[in-house]
*Asks:* 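To start, I am sharing the structure in question, which I have written as C-alpha cells.
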Number of protein chains: 2
Amino acid sequence: MTKNPVADAAVSARVEDSGNGRRYRPGRIRERNREKILQAAEEEFALNGYKGATIQNIAERAGLPKSNVLYYFSNKQRMYAAMFDDILGRWNKVFSDVRPEHDPAEALASFIRTKVEMSRRYPLASRLFAMEIIQGAPFLMDHLRTNMREWVRGRTEVIQQWIDDGRMAEVDPVQLIFLIWSSTQHYADFQVQILMVENKAEYEQRDFDHAADFLTDVILRGCGLEKPT
Amino acid sequence: MTKNPVADAAVSARVEDSGNGRRYRPGRIRERNREKILQAAEEEFALNGYKGATIQNIAERAGLPKSNVLYYFSNKQRMYAAMFDDILGRWNKVFSDVRPEHDPAEALASFIRTKVEMSRRYPLASRLFAMEIIQGAPFLMDHLRTNMREWVRGRTEVIQQWIDDGRMAEVDPVQLIFLIWSSTQHYADFQVQILMVENKAEYEQRDFDHAADFLTDVILRGCGLEKPT
DNA sequence: CGGACTCCTGAACACATGGACAACAAGTGA
DNA sequence: TCACTTGTTGTCCATGTGTTCAGGAGTCCG
C-alpha cells in the first residue's frame with residue numbers, strides 16, 4: 001500500500017494512449033525522464049547484458065539518483081520490458097506492407113536498404129535484441145512464438161507467390177529472410193569486429209551505403225533478380 | 001606466496017606443451033576436470049554473459065564445489081580467457097589454406113559448408129564469441145586487431161585474385177567474408193528465434209544441410225559462380 | 001612405510017546489488 | 001492560501017558475489 005501507485009503508469013499505458021487520458025496525466029517531466037532513463041538503459045543493457053547491467057550504472061548514465069530511476073520503473077525487469085516495447089514497435093513496420101503485386105527486385109532491395117539503415121540508426125537496439133536471443137530469449141520468447149512467427153509467415157507467402165509466378169529464382173523464402181536479417185544486422189552487432197578488421201576508428205555514412213550496395217547486389221543476383229534502377 | 005603455485009599451470013602451458021614435461025606433470029585428473037569446467041563455463045557464459053555468469057553456477061554445472069573450480073582457474077577472468085583460447089584455436093583452421101589456384105566456387109562452397117557445420121557442432125562457442133563482440137570485445141580486442149585482421153587480409157587477397165582473373169563477379173571480398181560469417185553463424189546464435197519462427201522443437205541434421213544448400217546456392221550465384229558438382 | 005607432490009573443500013570476508021521505504025520538495029488547481 | 005498529487009532522494013537491508021585461506025585428503029614413488 002505504501003508503494004507508489006503511479007510508478008509504471010506510463011509503462012502500462014502506452015505513450016500515445018490517452019484514448020481517455022483523464023486518470024493520470026503523464027506530464028512532461030515524467031515523459032522526459034522516462035526517455036532519458038530508457039536511453040541510458042539501452043546503453044547499459046547492450047554493454048553488459050541483462051544480469052550484468054546495474055540500476056546504479058543506468059542511473060549514472062541518465063544523470064539521476066538510483067532511487068529516482070526506481071521511481072519510474074519499479075524494478076529492473078519492467079525497465080527491460082519497456083525498452084523492448086519501444087524497440088519492437090519501431091521494427092515491426094519494416095517490410096510489413098509488401099504485396100505480391102510489387103516488383104520483387106525493388107521490394108527486396110528496399111527491405112535490405114531499410115534494414116541496413118536500421119543498423120546505422122539504432123545499433124544499440126539491434127545489439128540488445130541479439131543478446132536477448134542469444135541468451136535464449138527468456139523475455140521475448142512469447143513475441144517470437146506469436147508476432148514474429150506470424151510476420152514471417154505473411155512475408156514468405158508473398159515471396160513464394162513471386163517464385164510461383166516465375167518472377168524470381170526458386171529459393172526458400174524463410175531462409176531468404178534469415179539471410180537478410182543476419183547479414184544486415186551484422187553491421188550493428190559486430191561493429192567492433194568490422195571496424196577492427198578494416199582498421200577504422202568509426203563508421204561513416206558511405207560505409208553503410210557500400211554495405212547496402214554490396215548486399216543488394218549479391219543477394220538479388222543470388223535470387224536471380226536484376227538490380228532495380 | 002601462499003597462493004597455489006600450480007594453479008593455472010595448464011592454462012599458460014598449452015595442452016600439447018610438455019616440450020620438457022619435467023617440472024609439472026599435469027596428471028589426468030587435472031586434464032579431465034579442466035575439461036569438465038571449461039565445458040560448464042561455456043554453457044554458463046553463453047547463457048548469462050561474462051558479468052552475469054557466476055562461478056557458483058559453473059561449479060554446479062560441472063558437479064564440483066566452487067572452491068575446486070577456483071583451484072583450477074584462479075579467477076573468473078582467467079577462466080574466460082582459457083575458454084577463448086580453446087575456441088579460437090578451433091576456428092582458425094577454417095578456410096585458412098585457400099589459394100588463388102583453387103576453384104573459387106568449390107572453395108567458397110566449402111567455406112560456407114564448414115562454417116555451417118561449425119554452427120551445428122559448436123553453437124555455444126559461436127554464441128560466446130558473438131556476445132563478446134557485441135559487448136565491445138573487451139577481452140578479444142587484441143585478437144581482432146592482430147590475428148583476425150591479418151587473416152582477413154590474406155583471404156581477401158585470394159578472392160581479389162580470382163576477381164582479377166575474371167573467375168568470379170566483382171564483389172568486395174571483405175564484405176563477402178562478412179556476409180558468409182554472419183549468415184552462417186546466424187544458425188547458431190539465433191537458434192531460438194529460428195526454431196520459434198519455424199515452430200520446431202529442435203534442429204535436425206537436415207536443417208543444417210538445407211541451410212548450407214540455400215546459402216551456397218544464393219551466395220555463389222550472387223558472386224556469378226556455378227554451384228560445383 | 002613415509003614423504004612430497006597434487007588435489008580438494010568448508011569457512012570466512014569485503015563488497016556490490018536490487019529493492020523498500022519514509023521523509024521531503026515541487027507542482028497544481030481551487 | 002490550502003489540499004493533494006507528483007516527483008525526489010538518502011538510508012537501510014537481505015542476498016549474492018568473487019576471492020582468500022588454512023588445513024585436509026589422495027596419490028605416487030622410492
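Naming: A, B, ... by sequence-line order, numbering from 1 per chain. These values consider heavy atoms only, across backbone and side chains, with no hydrogens, waters or symmetry-generated copies.
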*Asks:* Would you give the length of the straight line joining atom CD of A:Glu35 to atom CZ of A:Arg32, rounded to the nearest 0.5 angstrom?
*Replies:*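 That separation rounds to 11.0 Å.
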*Asks:* Figure out the CG/C1' separation between B:Asn33 and C:dC8, and round it to whole Å.
*Replies:*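 Going from CG in B:Asn33 over to C1' in C:dC8 covers 10 Å.
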*Asks:* Report the relative orientation of the aromatic rings in A:Phe178 and B:His186; use parallel for angles under 30°, tilted for 30 to 60°, perpendicular for over 60°.
*Replies:*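 A:Phe178 vs B:His186 ring planes: tilted.
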*Asks:* Each nucleotide N or O in nucleotides 25-27 of chain D that has a protein N or O under 3.5 Å away: list the pair and distance.
*Replies:*
none

*Asks:* Atom CD of B:Gln56 to atom P of D:dT17: distance rounded to whole Å?
*Replies:*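 Roughly 7 Å, once rounded to whole Å.
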*Asks:* Applying side-chain hydrogen bond (donor to acceptor under 3.5 Å, both in side chains), name anything that partners B:Gln135, two or more places apart in sequence or on another chain.
*Replies:*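 For B:Gln135, no residue satisfies side-chain hydrogen bond (donor to acceptor under 3.5 Å, both in side chains) once neighbours in sequence are set aside.
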*Asks:* B:Asp172: what forms a side chain to side chain contact (heavy atoms under 4.5 Å, CB included) with it, not counting sequence neighbours?
*Replies:*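 With neighbours one apart ignored, the set is A:His210, A:Phe214, B:Val174, B:Gln175.
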*Asks:* Please determine whether a side-chain nitrogen or oxygen atom of B:Tyr71 lies at a distance below 4.0 Å from atom OP1 or OP2 of C:dC8.
*Replies:*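 So the side chain of B:Tyr71 is outside the cut-off, no N or O lying under 4.0 Å from OP1 or OP2 of C:dC8.
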*Asks:* Just how far, in rounded Å, is P of C:dT17 from CD1 of A:Ile58?
*Replies:*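 Rounded to the whole Å, the gap is 11 Å.
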*Asks:* For B:Asn68 and A:Ala53, find the nucleotide of DNA chain C closest to each by heavy atoms; which residue's nucleotide sits nearer the 5' end?
*Replies:*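 The answer here is B:Asn68.
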*Asks:* Apply the ring-ring contact (aromatic ring centres under 6.0 Å, His included) test between A:Tyr203 and each candidate in A:Tyr187, A:Phe190, A:Phe208; give the one that qualifies.
*Replies:*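 The ring-ring contact (aromatic ring centres under 6.0 Å, His included) with A:Tyr203 is passed solely by A:Phe208 among A:Tyr187, A:Phe190, A:Phe208.
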*Asks:* Determine yes or no for a side-chain-to-main-chain donor-acceptor pair under 3.5 angstrom, with A:Lys200 supplying the side chain and A:Ile194 the backbone.
*Replies:*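 Such a contact is absent between A:Lys200 side chain and A:Ile194 backbone.
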*Asks:* Without decimals, in angstroms, what is the distance between B:Leu70 CG and D:dT20 P?
*Replies:*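 Result: 8 Å.
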*Asks:* Does A:Tyr72 place a side-chain N or O at less than 4.0 Å from the phosphate oxygens OP1/OP2 of D:dT8?
*Replies:*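 The answer is yes; a side-chain N or O of A:Tyr72 sits under 4.0 Å from OP1 or OP2.
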*Asks:* Is the NZ or CZ atom of B:Arg90 positioned over B:Tyr122's six-membered ring, under 6.0 angstrom from the centre and within 45° of the axis?
*Replies:*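 Relative to the ring axis of B:Tyr122, which defines the angle, B:Arg90 lies inside both limits.
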*Asks:* Check for a donor-acceptor pair, side chain of A:Arg155 on one end and backbone N or O of A:Ser96 on the other, with a separation under 3.5 Å.
*Replies:*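 A pair under 3.5 Å: yes.
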*Asks:* I'd like to know if A:Glu31 and A:Arg34 make a salt bridge, using a cut-off of under 4.0 Å between side-chain N and carboxylate O.
*Replies:*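 No, no charged N to carboxylate O under 4.0 Å.
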*Asks:* Side chain of B:Lys76: nearest nucleotide among D:dT8, C:dG18, D:dT19?
*Replies:*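 Selected nucleotide (nearest to the side chain): D:dT19.
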*Asks:* Give me, pair by pair, the N or O atoms of the protein and of nucleotides 14-16 of chain D that are less than 3.5 Å apart, along with how far apart they are.
*Replies:*
none

*Asks:* Could you state the atom-to-atom distance from CG of B:Asn48 to P of D:dT17 in whole Å?
*Replies:*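 After rounding, the reported distance stands at 10 Å.
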*Asks:* Provide, to the nearest angstrom, the distance between the CG atom belonging to B:Leu64 and the C1' atom belonging to C:dC8.
*Replies:*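 That distance rounds to 10 Å.
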*Asks:* Answer yes if the ring centres of B:Phe139 and B:Phe84 are under 6.0 angstrom apart, and no otherwise.
*Replies:*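 B:Phe139 vs B:Phe84: aromatic centres not under 6.0 Å.
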*Asks:* Is it the case that B:Gln56 and B:Glu60 place a side-chain donor and acceptor less than 3.5 Å from each other?
*Replies:*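 Side chains of B:Gln56 and B:Glu60: pair found under 3.5 Å.
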*Asks:* When the distance from CE of A:Met79 to C1' of C:dG18 is rounded to whole Å, what number comes out?
*Replies:*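 Rounded to whole Å, this separation is 12 Å.
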*Asks:* Check the distance between D:dT8's C1' and A:Lys36's NZ and give it to me in whole angstrom.
*Replies:*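 Distance, rounded to whole Å: 12 Å.
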*Asks:* For B:Arg145, check side chain to side chain contact (heavy atoms under 4.5 Å, CB included) against everything at least two apart and list the hits.
*Replies:*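 Scan of B:Arg145 (side chain to side chain contact (heavy atoms under 4.5 Å, CB included), adjacent residues dropped) gives A:Met196, B:Met141, B:Asp142, B:Arg149.
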*Asks:* Can you pull every protein N or O that's under 3.5 Å from an N or O on nucleotides 10-13 of chain C?
*Replies:*
{"residue": "C:dG10", "atom": "N7", "partner": "B:Ser67", "partner atom": "OG", "Å": "2.9"}
{"residue": "C:dG10", "atom": "O6", "partner": "B:Ser67", "partner atom": "OG", "Å": "2.8"}

